[in-house]
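Below is one structure, written out as structure tokens; comments come after it.
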Amino acid sequence: MDFCYFVGIDISKDTLDWAVYTQQQGILLSIQTDNTLKGIRSALVQLKALPGWNSAQAVFCQEHTGIVRHEVARFEYG
């Protein structure tokens, strides 16, 4: 599987900073959302609107911050 999209998420108690990068185009998206399920859903809507977006070709990366990353982890893993 070739990955085309690299999504980095910087996590803090109140906010999430998202950046989407591709080798061909560089940074496609840079946004900040609330660190809530509503904020995560908002970011995913924006990701899906990117030209050619395919979640199967995306890698998501975030640091381990313990309980602070709980909302993102719960969303990712159900």
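All heavy atoms count here, side chains included; hydrogens, waters and symmetry mates do not. All of these numbers come straight from a predicted model, not from anything done at the bench.
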Are any non-hydrogen side-chain atoms of Ile27 and Val20 less than 4.5 angstrom apart?
-> no

Side chains of Asp34 and Asp14: closer than 4.5 Å at any heavy-atom pair?
-> no

State which residue, out of Ile11, Val7, Leu16, Asp10, fulfils the side chain to side chain contact (heavy atoms under 4.5 Å, CB included) condition with Gln62.
-> Ile11

Quick check: does any side chain N or O of Asn35 sit under 3.5 Å from a backbone N or O of Ser12, one acting as donor and the other as acceptor?
-> yes

Please examine the side chains of Ile9 and Phe60, heavy atoms only from C-beta on, and report whether any two atoms are closer than 4.5 Å.
-> yes

Can you tell me how far CG of Leu28 sits from SG of Cys4, rounded to the nearest 0.5 angstrom?
-> 10.5 Å

Flag the pair Val45 / Leu47 as yes when at least one side-chain heavy-atom distance between them is below 4.5 Å, and no otherwise.
-> no

More than 12 heavy atoms from other groups under 6.0 Å of CD1 on Ile31 | yes

Hey, does Phe6 have a side-chain heavy atom less than 4.5 Å from the side chain of Thr22?
-> no

Find out whether Tyr21 and Leu29 are in side-chain contact, i.e. whether some heavy atom of one side chain is under 4.5 Å from a heavy atom of the other.
-> no

Would you say the side chain of Thr33 lies within less than 4.5 Å of the side chain of Thr15, judging by non-hydrogen atoms?
-> no

Please report the shortest heavy-atom distance between Tyr5 and Pro51, naming the atom on each side.
-> OH-O, 3.4 Å

What side chain to side chain donor-acceptor pair (under 3.5 Å) pairs are there with at least one residue in residues 43-54, not counting sequence neighbours?
-> none

